[in-house]
Number of protein chains: 4
Amino acid sequence: MNQRKDSGVAAAPVRARHAGGTGSASERRDHLVKLAAELFARKGFQATTVRQIADEAGILSGSLYHHFDSKESIVDEVLRTFLEDLIAHYRATLADAGDAGAVLMEMVRIGFHTLEPHRAAITVMQNDWNYLRSLPGDRFDYLVRAEDEVERMWVEQIKRGQASGQFRADVDPKLTYRMIRDGIWVAVRWFRPGGRLDTDALAEHYIKVLFDGLSTGDRTSQRA
Amino acid sequence: MNQRKDSGVAAAPVRARHAGGTGSASERRDHLVKLAAELFARKGFQATTVRQIADEAGILSGSLYHHFDSKESIVDEVLRTFLEDLIAHYRATLADAGDAGAVLMEMVRIGFHTLEPHRAAITVMQNDWNYLRSLPGDRFDYLVRAEDEVERMWVEQIKRGQASGQFRADVDPKLTYRMIRDGIWVAVRWFRPGGRLDTDALAEHYIKVLFDGLSTGDRTSQRA
Amino acid sequence: MNQRKDSGVAAAPVRARHAGGTGSASERRDHLVKLAAELFARKGFQATTVRQIADEAGILSGSLYHHFDSKESIVDEVLRTFLEDLIAHYRATLADAGDAGAVLMEMVRIGFHTLEPHRAAITVMQNDWNYLRSLPGDRFDYLVRAEDEVERMWVEQIKRGQASGQFRADVDPKLTYRMIRDGIWVAVRWFRPGGRLDTDALAEHYIKVLFDGLSTGDRTSQRA
Amino acid sequence: MNQRKDSGVAAAPVRARHAGGTGSASERRDHLVKLAAELFARKGFQATTVRQIADEAGILSGSLYHHFDSKESIVDEVLRTFLEDLIAHYRATLADAGDAGAVLMEMVRIGFHTLEPHRAAITVMQNDWNYLRSLPGDRFDYLVRAEDEVERMWVEQIKRGQASGQFRADVDPKLTYRMIRDGIWVAVRWFRPGGRLDTDALAEHYIKVLFDGLSTGDRTSQRA
DNA sequence: AATGAATGAGTCTTCATTCAT
DNA sequence: TATGAATGAAGACTCATTCAT
């Protein structure tokens, strides 16, 4: 009664899952996932014990296994939910077309907008990626699959912008994608909701520098 | 008996330390630190067991305790060495003055150039930062102190560039610094020595986008 | 509320019990016992979880406790039913008298004929005897009592046969009984209904060797 | 430093293994195996906890893992040692040839003679065979391989005796083998060293009945 | 310097059982 | 009767660390 396993990271509108039922069962479950995600983000997946998760939920550690069949399956759910949501948004944006520049900006915004609702998941992905991938079995292979799909989306847009003359041709698309991606996600390390800047401001600031550069003059870097 | 504990992250040119003495003892020690750093980077600090480190060195785990008094003291040495080296380079660059743009470019280059020699340390810092900081005691407080010092250096240069009109004034210095810093360090995740691009190329690529932006036209981002 | 606990292993023809009542309730119960017995036989009593039993029955593990008050009480019922049936048959045979040889042969046949209907119970008795007997309390003391009664029956017939000159006098009755008993029951390990030999054939084969020996000549074993 | 894994159940003179060294390390190990075997035999493999084994040895349960890498690897060693010893003896006997009857008697004697030194192992094999075989992986496949080899040896001799007219032709060789095998091994359930009968007496008694039958007259069983 | 045996605290996980609904 | 959430005790195993040799 407690496993959920989808074949891949799908595209469906994410929140439509626990269809039917009182909802109360899956609410409990979601609540536990959320608690766990916070702990995973704060202390790392390994450093978080199932007892801590259970304590946070006010139950005994063994009771967690009524809802999940392992600690791994909890992170699994955390990450899967995030990736499904992210990819669904990307796909929707790409479907709307628009010129490459507009699409790319929108993708940057999507990234920053996930920062708040998925802060924990993003943190876990970054800190525990290597560890999770090193686990035996193919349980977390979807992480790589999802990453690849996202990369394809970004690189495609960058190339399209270069082809149309909108983006400079002398940058490497894949490299540029990585820079952007990392630049966004790493913000999760220091971003705190309610701080000086919200994610909108962050996104616009990032777009400003990314598209137009830090310099006031033109082609500053040539001087180097 | 054989532990080293500095209070802060010093500036002295790092490699000059174990000079004197048998030499062989400290070489052995350095070798062990290097092995451990690789493992920490690959699997994470917690997921790396002292037995794995010892195996790699061809000794038994208990024997490690003749060289270090704890697993923590090993990672301590890894990170400290890196930070000392980095800060020493920054200081040297700042001492040479030059205009803000030139200094900033040089700082970017320093960052990318540490990628190869300090790949392991940088990886550990990123993945295990939260965990190490959460440990009881003040053992890893110097991480924050070092980060603060580095931030001061960068922000100062950015502000200097804005004051002189070299950098646009409508960006947030601190935020910009973080963007740059993250963009550089995160490269450690996918950068592999001997790949398509070396760290020089990475640095120049990064500088190009950072200073002049992705767009060909002017102030593209305003259109959003 | 719904438990049955007899003090000893009775002789009454077993299946006549749950007569009366709704009938359906006790049928359900018997069905559960049968499912459980299969699992106990296949995987061992301890290795079988109540969840597995419940799964097999299509209910949740907690629901089993409406029928039985513990896992032990299930195995108790499995073994008790078998022993009651076996002893009832033995008693019936002994009541019919006949010469010792004929009675012994019939007892051998009874043994082999229980193999199929009570395969699970016999398997459990053999594999989990030690464990069940080691449990605290006197719950499974009847196992020993039943075993003793059976032994008495057999040994009595062997001695009778020796006294009448039908059986050779130079064998130990008790030891011989054990040999026979073991030879029969252990067959449960490899006997599969529907295989090359049915239990009738097994019984006759066994009787042949037991009564006349493996040799063609006379008193082969003296040569050793 | 703590695993031993032979490819199969070999034939080499068994006790020649821990060659070289002070012997003290492997003596400790052997001692632990012996203690564990006793417990496994008395309470069953599953019902025996590693803590009980450790208690018996006067160490903490975790310390056992310095010597073995799992509870399974301990039984593995118990069973492997027994099977190697048994098969080595069988092979030696077969090498000496002799007529089928003599060889078979000797094999029976070998069986009974293992009862005392390998009482624990034999008990474990019988009670926990199903469970061990059901474990995932191929770790205990050698149990079946060894059983097959032993069966081949026995059946071959029985057939040889039938071909030479020494054994009656109207018994099934495989079936007869199983009866004999089980008849011997099951004795482990009630045999206690120092009791009324030693294993020599048991063997001779068994041989008597097996070769010449229980009856005084000839072909008693035909009367049935 | 290194070994190897051991510690002790802690980890994830299992499972028979209970009980309000 | 059955559910489903929870308990609580226990289990195998891990691992940083210690220490006599």
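Chain letters run A, B, ... following the sequence lines, proteins first and then strands; every chain starts at 1. All heavy atoms count here, side chains included; hydrogens, waters and symmetry mates do not.
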Peer 1: Judged by each residue's nearest nucleotide on DNA chain E, which is more toward the 5′ side, S61(D) or E72(C)?
Peer 2: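 Looking at DNA chain E, the more 5' nearest nucleotide goes with S61(D).
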Peer 1: Atom CG in L143(A), atom CZ in R80(A): separation rounded to 0.5 Å?
Peer 2: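 So the CG of L143(A) and the CZ of R80(A) are separated by 8.5 Å.
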Peer 1: State the pairing partner of dG8(E); accept Watson-Crick or G-U wobble contacts with both distances under 3.5 Å, and report none otherwise.
Peer 2: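 By the stated definition (distances under 3.5 Å), dC15(F) pairs with dG8(E).
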Peer 1: Considering just the side-chain nitrogens and oxygens of S63(B), establish if one lies under 4.0 Å of OP1 or OP2 belonging to dA1(E).
Peer 2: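 Checking dA1(E) against S63(B), no side-chain N or O comes under 4.0 Å of OP1 or OP2.
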Peer 1: Quick one: pull up CG in L135(C) and CG in N130(C) and give me the separation to the nearest 0.5 Å.
Peer 2: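 Reported value, rounded in 0.5 Å steps: 11.0 Å.
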Peer 1: What integer distance in Å separates K43(C):NZ from dT14(E):P?
Peer 2: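 Whole-Å distance recorded here is 13 Å.
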Peer 1: What's the closest nucleotide to the H66(C) side chain, out of dA6(F), dT3(F), dT3(E)?
Peer 2: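 For H66(C), the side-chain atoms sit closest to dT3(F).
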Peer 1: Calculate, to the nearest 0.5 Å, the distance between atoms CD and CG belonging to Q126(A) and N127(B) respectively.
Peer 2: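 Reported value, rounded in 0.5 Å steps: 9.0 Å.
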Peer 1: In Å, rounded to the nearest 0.5 Å, how long is the span from NE2 of H67(A) to CD of E77(A)?
Peer 2: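 Between H67(A) NE2 and E77(A) CD, I get 12.0 Å after rounding to 0.5 Å.
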Peer 1: From R133(B) CZ over to D141(B) CG, what is the distance, rounded to the nearest 0.5 angstrom?
Peer 2: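 One finds 5.0 Å between CZ of R133(B) and CG of D141(B).
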Peer 1: How long is the line joining CG of D69(D) and C1' of dA5(E), in whole Å?
Peer 2: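 Whole-Å distance recorded here is 16 Å.
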Peer 1: I need the CG-P distance between L60(C) and dG4(F), as an integer number of Å.
Peer 2: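 The answer, rounded to whole Å, is 5 Å.
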Peer 1: What verdict does the side-chain contact (heavy atoms from CB on, under 4.5 Å) test give for V33(C) and F68(C), after you've listed the backbone C-alpha separation in whole Å, the side-chain angles of each residue and the deciding distance to 0.1 Å?
Peer 2: CA-CA 10 Å; V33(C) 171; F68(C) 309 96; 3.6 Å; yes
Peer 1: Find which nucleotide of DNA chain F each of G58(A) and G62(B) is nearest to by heavy atoms, and output the residue with the more 5' nucleotide.
Peer 2: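 Its nearest nucleotide being more 5', the pick is G58(A).
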Peer 1: Nearest whole Å is fine: how far is dG11(F) P from I74(D) CD1?
Peer 2: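 After rounding, the gap between these two atoms is 15 Å.
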Peer 1: Just the rounded figure in Å: distance from C1' of dA5(E) to CD1 of I59(D).
Peer 2: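 About 9 Å, once rounded to whole Å.
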Peer 1: In residues 44-56 of chain D, what residues come within less than 4.0 Å of DNA chain F, judged by heavy atoms?
Peer 2: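 Per residue number, the list reads T48(D), T49(D), V50(D), R51(D).
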Peer 1: For dA1(E), which nucleotide is its Watson-Crick or G-U wobble mate, given both distances must be under 3.5 Å?
Peer 2: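 Because no pair has both required distances under 3.5 Å, dA1(E) counts as unpaired.
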Peer 1: Specify the separation, in whole Å, of atom NE2 of H67(A) and atom P of dT13(E).
Peer 2: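 Distance check: H67(A) NE2 to dT13(E) P gives 15 Å.
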Peer 1: Roughly how far, to the nearest 0.5 Å, is the CD atom of E38(B) from the OG1 atom of T123(B)?
Peer 2: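 Spacing of OG1 (T123(B)) from CD (E38(B)) equals 8.5 Å.
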Peer 1: Looking at dA16(E), dA6(E), dC13(F), which one has an atom nearest to any side-chain atom of Y65(C)?
Peer 2: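 For Y65(C), the side-chain atoms sit closest to dA16(E).
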Peer 1: Provide, to the nearest angstrom, the distance between the CG atom belonging to D30(A) and the C1' atom belonging to dA5(F).
Peer 2: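 Going from D30(A) (CG) to dA5(F) (C1'), I get 16 Å.
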Peer 1: Does dA2(F) have OP1 or OP2 under 4.0 Å away from a side-chain N or O of R28(C)?
Peer 2: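 The answer is yes; a side-chain N or O of R28(C) sits under 4.0 Å from OP1 or OP2.
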Peer 1: CG of L64(D) versus C1' of dG8(E): gap in Å, rounded?
Peer 2: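 So the CG-C1' distance, L64(D) to dG8(E), works out to 14 Å.
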